[in-house]
Structures are given as structure tokens and as C-alpha cells.
2 protein chains.
Amino acid sequence: MGRRRNNGRFAMPLDRSVVLKAALEQLDEVGLDEFSTRKLAAALGVRVGALYWHYPSKQALLDAVAEHIAADAAAAPLPDGDWAERLAAIARAHRDAMLARRDGARVIACMSAPGPMAHAFFERLVGVLREAGLDAEGAASAGDVLTSYVNGFTVEEQARGLRRQSEAHRERLFGFGVSVVIAGLRPLVEG
Amino acid sequence: MGRRRNNGRFAMPLDRSVVLKAALEQLDEVGLDEFSTRKLAAALGVRVGALYWHYPSKQALLDAVAEHIAADAAAAPLPDGDWAERLAAIARAHRDAMLARRDGARVIACMSAPGPMAHAFFERLVGVLREAGLDAEGAASAGDVLTSYVNGFTVEEQARGLRRQSEAHRERLFGFGVSVVIAGLRPLVEG
DNA sequence: ACCTGAACACCGTTCAAGT
DNA sequence: ACCTGAACACCGTTCAAGT
């Protein structure tokens, strides 16, 4: 009868996915700066040390959160349409996935290494650019320009500053930036 | 004779600028993740509490570091040449100023609010775009695209990933991205 | 296999009291 | 004006021991 309790129920043993789920909830509640393994353990009804059975470090846990965000970005549907429309859709999915979790853009920016989902996301982007006619190196470079822009914009937007601007204005500004990058890529694709 | 010692010398009272200078040194030595007010106090030969006389918080200190970086970026000389060359020079100065300090790009990304130097930097960028013929809103939007790209690229470059690529390759990739953004802006300026 | 208990080596911040 | 001393309320991580 010495089983661990959580929210009044006797709990199943933890596994990586329930720890990750609780981490996502804690991140949304307190933000990245206040995110702590000790609070997370308390929310799970467990002692801190228990988490280290499932994840080797706090950073590994945050990397799993980053992968979760990347998975969302990679899972968004790709519309029919020309390469420019598809690129714009990928950029929006990328930003939306980060905005969906508190400090999501900073979690992505601070991840220690891109995981399989981050690679899948980037490969889909590269795929669109290759279909548009770029070679492997050109597509990788062009993909890097777009993702760098989206990351930079969204970190700024989510962390501060743009917060006092209306959401409509931020939306317009982002759409403008995406169209600028795509316009800059156009001569490479069609040229 | 109870005066504070530092490096074997009797030290002058601290002020904001010597604390900032020591903070810049500590950042370069240990990086943002290991940066702590207690180590900083030790390096200054002082107790932790003393720092809080000069800066209200660790974040305020990091904001001062961010301002220092922004000042470097704003102070870089603007070449003669057309708007595109001037924009490219600003983008390079922006990246160089962040790369000059360990984790500089993340310090900029995590600053709580842009200070006067950050504004001065951005105003210079906007000035170039206005001289090129854009109106106030267009110049601000265009300036945002470029700075977002530079921030996103440099955070990624400095934090990880691109580290295993050669510096020459990163340089080329950055130059490519800047040229893409500028090409995307060209129709707005000249159209 | 999974978790507890307890420790270790740190943190940022506050503030009365000293000089 | 500027700093000390000392505390407060936390951290992330490790690991023998329990079940």
C-alpha cells in the first residue's frame, strides 16, 4: 500500500511520455525561466531523483519538448500549389508550432541538438525546394535562410517587444517577412 | 585596513562600468549557462550582495551586456555605396558584434527589453532604408526582416550545429542569406 | 525496473548592520 | 555611499538503499 499518489489516484509507474506531457504542461504554466525539475517532480507526485531515471538531465527533457514542437511543425499539412505557397505554409507551421507553447521559440533556440523530428521538418522544406529545381546545396542554403528568419522573428515576438503590438500587426509583419524571403529566393528557383 | 582586495591590489569602490566589464569577462570565460552573480562577485573580490547595489538583478546585468553588444553593432562604420551595400554591412556588423562575445546572440535574444543602443542600431538601419525611398512603416518592416534573419542565423550558429561546419562555410551561408533578404527587398525599394 | 531519502554543491535575492 | 554577514528559498544532479 505504499504506492505513490497523484491527484488522489494511485499512479502508474512513470515513463518518458508521461514525464514529457507533464513537462509541456509545466512549461505552459510557468514559462522557461521558472521551469524546474523539482516542480515537475512535485506535479507528478514523485521525488526529483525519479525523473533522472527517465531523462538524464533537465536539458534532455527540454530537448524532448523541442522535438515535440518540431513534430507539430513537421506534421502540418502541405497545401497543393507552387513552391512559394508551400514554403509560406511551412514557415507558418513552423511559427505556429513554436507559438503553441509558452517560450516555444526559445526552447527551440536553446535545444542542444536537432533531433529526428527537427530533421524531418527541415527535410520536408528541402524537399519542396528541390522539387522547385534547386540542387542539394542550394536547397539546404535556402531552407536555412527561411528557418533562420522564422526562428529570429518568433523568438523576438514571443519573448517581448512585439507583445505590445496587436496580433494582427504581428501576423502582417510575419507574412511580409516570409514574402520577402521567398521573393529573394525566386530568381534562384526560376532563374 | 579592512579594505577589499582584488588580485592583490586594494580596490576602488565598484561602479556599474567595472561590474559590467567583469560580467563581459565572465561571460566569455564560462558562457551564459554557467554565468552566475556569485562567481562574478568572487571575481570582483566582493560579496554577492554588493552587486545588487549597482544592478537590481542578474537580468539587468545581462541587459547591460546586451546593450554593450548593440553599441558595438551600432558603432561599426557605414560604407559609402548604395543601400544594398550599406544593408549588408549593417547585417555583418550585427552578427560580428554578437559573435564577439560567447553566447552573445542568446544574450541579445533573451534581453528583457531593447535599450537605447539597440534602438540606435535599429534606427540607423531604418535610416538607410528610408534614404533608399521606403516610407516609415516600410522601412521598419524591412528592418525587422533583416534583423530577425541575422538573430536567427547567429543564435543557431553560435549555440550549436553549424559549429561543425567550417567558418568559411558559415560565412558563405550567412552572406547568401543576407543577399536573399536584400534581393527580396529590392522590388520594394526600386519598384 | 523504478523510486525514495538524503545528501552535495550550488543558485538569485534581500536586508539589517557596519564603515 | 557602498559593502558585509547572514539568511531565505530555492536549484540540478547523484546514488545507495529500498521495493
Side-chain angles (χ1 to χ4, degrees), chain A residues 1-24 26-27 29-66 103 106-107 110-112, chain B residues 1-24 26-27 29-66 103 106-107 110-112:
Chain A
M1 214 5 166
R3 306 249 348 249
R4 181 168 42 84
R5 276 172 151 280
N6 185 12
N7 290 344
R9 288 179 37 255
F10 292 103
M12 301 287 294
L14 258 38
D15 65 25
R16 287 174 67 89
S17 78
V18 348
V19 174
L20 172 57
K21 192 164 172 251
L24 288 163
Q26 211 218 167
L27 181 65
E29 273 167 34
V30 305
L32 184 56
D33 291 336
E34 310 295 332
F35 183 93
S36 91
T37 56
R38 300 184 95 106
K39 282 179 208 152
L40 183 56
L44 285 164
V46 114
R47 312 276 159 170
V48 223
L51 298 181
Y52 287 81
W53 179 263
H54 300 283
Y55 289 93
S57 67
K58 179 184 177 179
Q59 187 56 55
L61 199 37
L62 289 172
D63 286 349
V65 170
D103 295 326
R106 253 165 74 209
V107 171
C110 296
M111 72 191 173
S112 61
Chain B
M1 215 359 162
R3 304 246 353 246
R4 180 168 43 82
R5 277 172 151 280
N6 186 12
N7 290 345
R9 289 180 36 255
F10 293 102
M12 301 287 295
L14 258 38
D15 64 25
R16 289 174 64 89
S17 77
V18 350
V19 174
L20 172 58
K21 192 163 173 251
L24 289 164
Q26 213 219 166
L27 181 65
E29 273 168 35
V30 304
L32 185 55
D33 291 334
E34 310 296 330
F35 184 92
S36 91
T37 55
R38 300 184 94 108
K39 281 179 210 154
L40 182 56
L44 285 164
V46 113
R47 310 275 159 171
V48 220
L51 298 181
Y52 287 81
W53 179 263
H54 300 283
Y55 289 93
S57 67
K58 177 184 177 180
Q59 186 56 55
L61 197 38
L62 289 172
D63 286 349
V65 170
D103 294 326
R106 251 166 76 208
V107 171
C110 295
M111 73 190 172
S112 61

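What you see below is based on every heavy atom in this structure, not just the backbone, and it leaves out hydrogens, waters and symmetry mates. Residue numbers begin at 1 in each chain, while the letters A, B, ... track the order of the sequences.
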- Note on the structure: Answer for the Watson-Crick or wobble partner of D/dT13, both distances under 3.5 Å, is C/dA7
- Query: Across all strands, who's sitting opposite C/dA1 as a Watson-Crick or G-U wobble pair, both distances under 3.5 Å?
  - Reply: D/dT19
- Is there a donor-acceptor pair closer than 3.5 Å between any side-chain N or O of B/D63 and the backbone N or O of B/A66? no
- Note on the structure: So CG of B/L44 and CG of B/L14: to nearest 0.5 Å the spacing works out to 5.0 Å
- Compare side-chain N and O positions of B/H54 against OP1 and OP2 of D/dA1 and report whether any pair is under 4.0 Å apart. no
- Item | Summary of protein contacts for nucleotides 7-16 of chain C, nucleotide by nucleotide, where a base hit scores B, a sugar-phosphate-only hit scores S (4.0 Å, heavy atoms) | B---BBBBB-
- Task: Mark yes or no for whether B/D103, through its side chain, and B/L27, through its backbone, hold a donor-acceptor pair below 3.5 Å.
- Result: no
- Item | A/W53 side-chain N/O to C/dC3 phosphate OP1/OP2 under 4.0 Å | no
- Between CG of B/L61 and NE2 of B/H54, what distance do you get to the nearest 0.5 Å? 11.0 Å
- Message: Could you measure the distance from the OH atom of A/Y55 to the CZ atom of A/R16? Nearest 0.5 Å is fine.
- Response: 4.5 Å
- Message: If I take atom OH in residue A/Y55 and atom P in nucleotide C/dC3, what distance separates them, rounded to the nearest angstrom?
- Response: 13 Å
- Query: With rounding to whole Å, what would you report as the distance between C/dC10 and D/dA9 at their P atoms?
  - Reply: 22 Å
- Item | Close side-chain approach of B/D33 and B/R106, heavy atoms under 4.5 Å | yes
- Message: Just N and O in the side chain of A/R47: are any of them under 4.0 Å from OP1 or OP2 of C/dC3?
- Response: no
